[in-house]
Amino acid sequence: MELIQQLVNGISLGSIYALIALGYTMVYGIVKLINFAHGDVFMVGSFVGFYSITVLHLPFIVSLILSMAVCAVFGVLIERIAYKPLRNATRIAALITAIGVSLLIEYGFIYVRGAQPEAYPGDVLPEHAIHIFGAKINSQSLLILGVSVALMIILQFIVHKTKIGKAMRAVSFDAEAARLMGINVDRTISATFAIGSALAGAAGVAFGVYYIKIEPLMGVIPGLKAFVAAVLGGIGIIPGAMVGGLLLGVIESLVSAFGYSLWRDGAAFIVLILILIFLPSGLFGKYKREKV
Amino acid sequence: MEKDKPLLKVENVGIRFGGLRAVSDVNIELYPGEMAGLIGPNGAGKTTFFNMLTGVYVPTEGQIVLNGKKLNNLPPYKITRNGISRTFQNIRLFGELSVIDNVKVAYHSQAKHTLFSSILRLPPHFAGEHEMEERATEFLKIFSLDRFKNEKAKNLPYGQQRRLEIARALAANPKLLLLDEPAAGMNPHETRELMNLIAFIRERFDLTVLLIEHDMPLVMGVCERIFVLDHGQLIAEGTPAEIKNNPKVIEAYLGEEVS
Amino acid sequence: MAIFKQAKFFWASIVVSLVLFAVVQFLITGGMLNLFYVNTLVFIAINIILAVSLHLIIGITGQFSIGHAGFLAVGAYASGIITMKLELPFVTALIIGGLVAALAGFIIGFPSLRLKGDYLAIATLGFGEIVRILFLNLDYVGGASGMQVNHLTTWPWVFGCMLVAILVIVNFTNSTHGRACISIREDETAADAMGINTTYYKVTAFVIGAFFAGVAGGLYAHNFYIIQPSNFGFLKSFDILIFVVLGGLGSLSGSVISAILLTVISTFLQDYPETRMIIYSLVLIVVMLYRPQGLMGTKEITSVFSRGQKLKGGKKDGKGQTVA
C-alpha cells in the first residue's frame, strides 16, 4: 500500500514539475533558450500566492489567478530586458545571461526581503481525504492534479485553437519565415513567456499549498528538475513536458519508496544523463540532424 | 596508381531520412586524375551525396570504396585520412585561427610529435612544429595566400576565403577532392581565376576532383565527365557535350523552372 | 630564430614568476603578510588553477561545461581520503586527487561530449549535482556533516601547482594538439573533415581540465579543516564559469586576470554574500549584453604588449613566428 501512496505523491509532485516544464519547453521551442530564471519565476509565484492569501486574505482561487498574472508580467519583463537584446547572440552568451538573471532574481529577492522561509497556512483548502486501495489522497493532491489538468487543457486549447497559438507554432518552426508571413515575432515570443510564466506561477502556489514551506531559493532544484522533465519528454514538445513531468515525479517517489530517499535528488539527474546519452531527442522528440 | 582501375567506386548508395529517400541507388566510378562534375536542380541530393562520401551521413544502403577500401561506417576524420577531402557550400573556415593555422590543422593528422612531447616541450615538439610552419608557409605561397598568413581567416575577403578553404582541403593530402559549389557568390572574374586554380591544382597535386556547381559554363569548361542527379537519382552521366543534349537532363532542369 | 625568441620569452616568464614567488615567500616567512593576505593569495592561486582548467575546456575546445565544481569535489574528497584515511603524504594526495578527477572526467566526458551546446551544459550540470549528492550519501566521508581534513596547503604548494597548471595548458594550447582543439571550437564539422579526431581531443581537453580541477580540489580541501558537499554545489561551478566568461572565452590570461580580480572582490564581500551574488550576476548579464566576448576576447595579454605576435593560448608563443 506504501507503493500506491508513493505513486499518489509522485503524481502530485509530477504535476508540479509538469507545469514548470511546460514553460521551459515552450520557451525553448520558440527561442532555443534554456530559461534558467524560470525556476525563480515559480518561486516568485509562490510568494505572490502566499502574500495574497495571508496579507490580502484573498480566497485561494483568486490568489492563484493573481499569482499567475504577476508571473506573466514578470516573465515578459525578463524576456524584454535581458533576453531580447541577445536574440542574435551565441547560444552560450544567452545561456550565461539566463544563469545570471536567475541568480539576480534569487539574491535580489533575498536582499530585499531576507532569506527566511515562510509557511503557507494549513487552512487554504478544506482538509478532506479520500481513501483508495489503502492510499490516502488528500484535498491538496487533488487540487494540484485538478489545477494542472485544467491548465494543461487550457494550454492545449490556446496552442491549437487560437491565433496566438498558431503564431507560436509558426515561430517555433521557423521564426524568419513567420516574420515574412506577417507574424509579429516579438509579440509572439512575449506571449510565450507570459503563458509559460503564468503556469510556473500556478505551480508555485500549488507547491506552497502542498508542501507548506517556501523560501527564496526554492525554485532552483524544482526548476532544474522541471527542465529534466522537459528534456525527458522531448524539448519543445508540449505533451512531452506533461508526460515527462509526471514520469519524473513518479520516478522520484519510487526511489524514495524503495528506501533511497537521500538519492531522490540524484535520480532526476541520472535520468537526465541517461536520456541525453541514449535518447537525446526525448521520448516524443524527433531527431534533427545538423545541416552541413 | 593504375589509370584503368577506379579510384572511387560508389555502388548502389542511398540514404533515407525517416521515410524520405533523399538519395537512392547511385552508382559512380571515378578514375585517377579525372575531373568530374556533379550537377542537378536544387534539392536533388548533391550535398547529401557529398556528406555520404565524407562520412557526415552514413548511407543506409550500398557501399563506398576508395582504392579498394570500404569507407562507409568510418567516421569523417578517418575518411579524410584515407584520402577524401572536401570544401563546404557555406565556407567553414576556422575563423579565429590565422590563415596559416587553418592549413596546419589539416596537417595535424600527419604530425609526428605527440601530446606528451608538446606538453613537456621536448625536442620532437619543436622539430615538428618547425616543420609544419615551413611546410605551411611554402604551401600558402602556391596559393598566393602567404601575404595573409597571420591574418585571422574570418578577416579575409570572400574570394580569398574560398581559396583558403580549397588550400586547406588540399593540405589534408587527399587523393580525391570534393568541392561543394566553389564558385558560389563569386563574380565572373573571380570565377575565371577559380577555374584556373582548379585546373592548376589538379595538375600539380595529381588529384581526382569531383565538384558540385551551379555555374554551368564553369562545369562544362573544366569537367571531363558530368553526373546529373535529380530527385536523389542519377539520371545521366557523360561528357559535357552529351549532357548538354541529354533530353532527361533538359527535362529535369526545365521541369524545375516551369513548376 | 623564432624558436630562440620563444625560448627567451618562456624563460623570462619563468624567471618573473619565480621572483614573484620568492618575494611573497619572503614576506610570509618574515611575518610581514598577515594571515588574511596569505589566505587571499592562496585562494587566488587555487582559483587561477580552476580558471585555466575550465578555460581549456570551454575557451579552447569550446565544450560548454558548467559542472566544474564536480571535479573540484572529486579531487577534494579523494585527496582528503589519501591524507586522512590512508595517511599518505600531501603530494600523493594532490596527484591522486587529480588522477581520480581525471578519471571522472573521462567517464563523464566520453559519453556526454557527443552532446552539443546547451545539452552538454545541462549534462555537466547534472553530473556536478550527482557528484554532490554522492558525497552527501557516503558515510565514509562524513555525509552532509563533512570530512575533517588537516591544514596542509601552503603558499609554495599552491604556487607550484598553479605554475604547472598554467605551463601545461599553455604548452598544450600552443601546439598542433591545441590547434586541433581550437578548430573544434571554431567549427566541429570542418575539424572532423580536416582529419581531426574530434572525440579524442574533446575528451583529452576534458580530462586535462578535470585533472587540474582535481589538483585544485586537493589544495582547496587542505586549506580548510573540513570539507562538505555543500561547498561544491552549482554556485561553485558558477564561480569558476564566471572567471572564464568574464576574462574572455579563449583567453588564458583573461581568465587568470578575472580570477584574480574576482577573488579579491569576493574576499572583501565575504560578509555580504547576497551583495556579492547580485554584483556577480549583474556583471555577468551586463558583460553578455555589451561585451559578449569578455574582457580580453580571444586575445592574450602578451599580444597587447608585443606587436605582430599572434597568440591564442597564452604567455608562451608556439606559432606566432612573424619573421617574414
Side-chain angles (χ1 to χ4, degrees), chain A residues 28 32-34 36 81-83 85-86 89-112 114-115 216-217 220-221 224-225 227-228 230-231 235 260 262-278 280-281 290-292, chain C residues 58 62 64 66-67 108 110-112 114-134 136-137 143-144 188-190 192-193 233-235 237-238 241-242 245-246 249 272-290 292-293:
Chain A
Y28 194 91
K32 300 285 172 287
L33 168 78
I34 300 175
F36 268 93
I81 296 169
Y83 299 153
L86 283 163
T90 60
R91 300 280 284 276
I92 288 182
L95 190 66
I96 292 169
T97 309
I99 296 174
V101 171
S102 162
L103 292 169
L104 184 63
I105 297 171
E106 286 160 17
Y107 290 92
F109 198 76
I110 292 178
Y111 190 81
V112 173
L217 296 180
V220 180
I221 295 293
L224 286 176
K225 287 184 184 165
F227 180 76
V228 175
V231 174
I235 195 134
Y260 299 100
L262 279 170
W263 277 100
R264 226 184 67 159
D265 284 346
F269 296 107
I270 292 169
V271 166
L272 171 75
I273 289 183
L274 292 179
I275 278 284
L276 285 178
I277 292 168
F278 295 109
S281 43
E290 192 197 0
K291 193 140 173 67
V292 174
Chain C
I58 300 185
F64 205 59
I66 54 176
I108 188 71
F110 197 71
S112 57
R114 291 190 317 179
L115 303 168
K116 296 200 165 78
D118 300 345
Y119 282 85
L120 177 65
I122 292 298
T124 52
L125 191 157
F127 156 74
E129 284 299 300
I130 290 171
V131 167
R132 191 178 59 80
I133 295 163
L134 177 76
L136 205 56
N137 285 291
E188 192 171 338
T189 305
D192 216 343
F234 174 64
L235 285 182
S237 292
F238 172 76
L241 177 68
I242 191 172
V245 172
L246 186 67
L249 289 171
Y272 313 97
E274 286 89 42
T275 318
R276 173 177 162 258
M277 288 314 295
I278 290 172
I279 293 176
Y280 266 38
S281 48
L282 274 177
V283 165
L284 205 59
I285 296 168
V286 170
V287 167
M288 282 302 113
L289 289 181
Y290 297 103
Q293 72 275 37

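Letters A, B, ... are given to chains in the order of the sequence lines, protein chains preceding strands, and every chain is numbered from 1. The figures that follow rest on heavy atoms only: side chains count, while hydrogens, waters and symmetry mates do not.
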Enquirer: Using non-hydrogen atoms and a 4.5 Å limit, figure out which bit of C/Leu136 sits close to chain A: side chain, backbone, both or neither.
Expert: neither

Enquirer: Would you say A/Lys32 and C/Asp118 make side-chain contact, with heavy atoms under 4.5 Å?
Expert: no

Enquirer: With a 4.5 angstrom heavy-atom cut-off, could you sort out which part of C/Leu235 is near chain A: side chain, backbone, both or neither?
Expert: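 Interface part for C/Leu235: side chain.
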
Enquirer: Need one label for A/Ile96: side chain, backbone, both or neither, based on atoms under 4.5 Å from any heavy atom in chain C.
Expert: both

Enquirer: Can you say whether C/Tyr119 sits under 4.5 Å from chain A via the side chain, the backbone, both, or neither, judging by heavy atoms?
Expert: both

Enquirer: Do you know which of C/Tyr272, C/Phe238, C/Phe127 has the most heavy-atom pairs under 4.5 Å to chain A?
Expert: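 Of the options given, most contacts go to C/Phe238.
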
Enquirer: Go through the atoms of A/Ile221 and report whether side chain, backbone, both or neither lie under 4.5 Å from a heavy atom of chain C.
Expert: side chain

Enquirer: So what's closer than 4.5 Å to chain C heavy atoms on A/Ile273: side chain, backbone, both or neither?
Expert: side chain

Enquirer: Quick one: what part of A/Ala89 sits under 4.5 Å from any heavy atom of chain C, side chain, backbone, both or neither?
Expert: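 Neither the backbone nor the side chain of A/Ala89 comes within 4.5 Å of chain C.
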
Enquirer: Does the side chain of C/Tyr280 reach to within under 4.5 Å of the side chain of A/Leu103, using non-hydrogen atoms?
Expert: no

Enquirer: Considering only heavy atoms, which portion of A/Leu272 lies under 4.5 Å from any heavy atom of chain C: side chain, backbone, both, or neither?
Expert: side chain

Enquirer: Heavy-atom cut-off 4.5 Å, strictly under: side chain, backbone, both or neither for A/Ile275 against chain C?
Expert: neither

Enquirer: Against chain A, label C/Ala121 side chain, backbone, both or neither, depending on which of its atoms sit under 4.5 Å from a heavy atom there.
Expert: side chain

Enquirer: Please report the interatomic distance CG(A/Leu276) to CG(C/Leu115), rounded to the nearest 0.5 Å.
Expert: 5.5 Å

Enquirer: Please work out whether the ring planes of A/Phe36 and C/Phe234 are parallel, tilted or perpendicular, with thresholds of 30° and 60°.
Expert: parallel

Enquirer: A side-chain contact here means heavy atoms from C-beta on lying under 4.5 Å apart; do C/Leu284 and A/Thr97 qualify?
Expert: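 The answer is no; the side chains never approach within 4.5 Å.
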
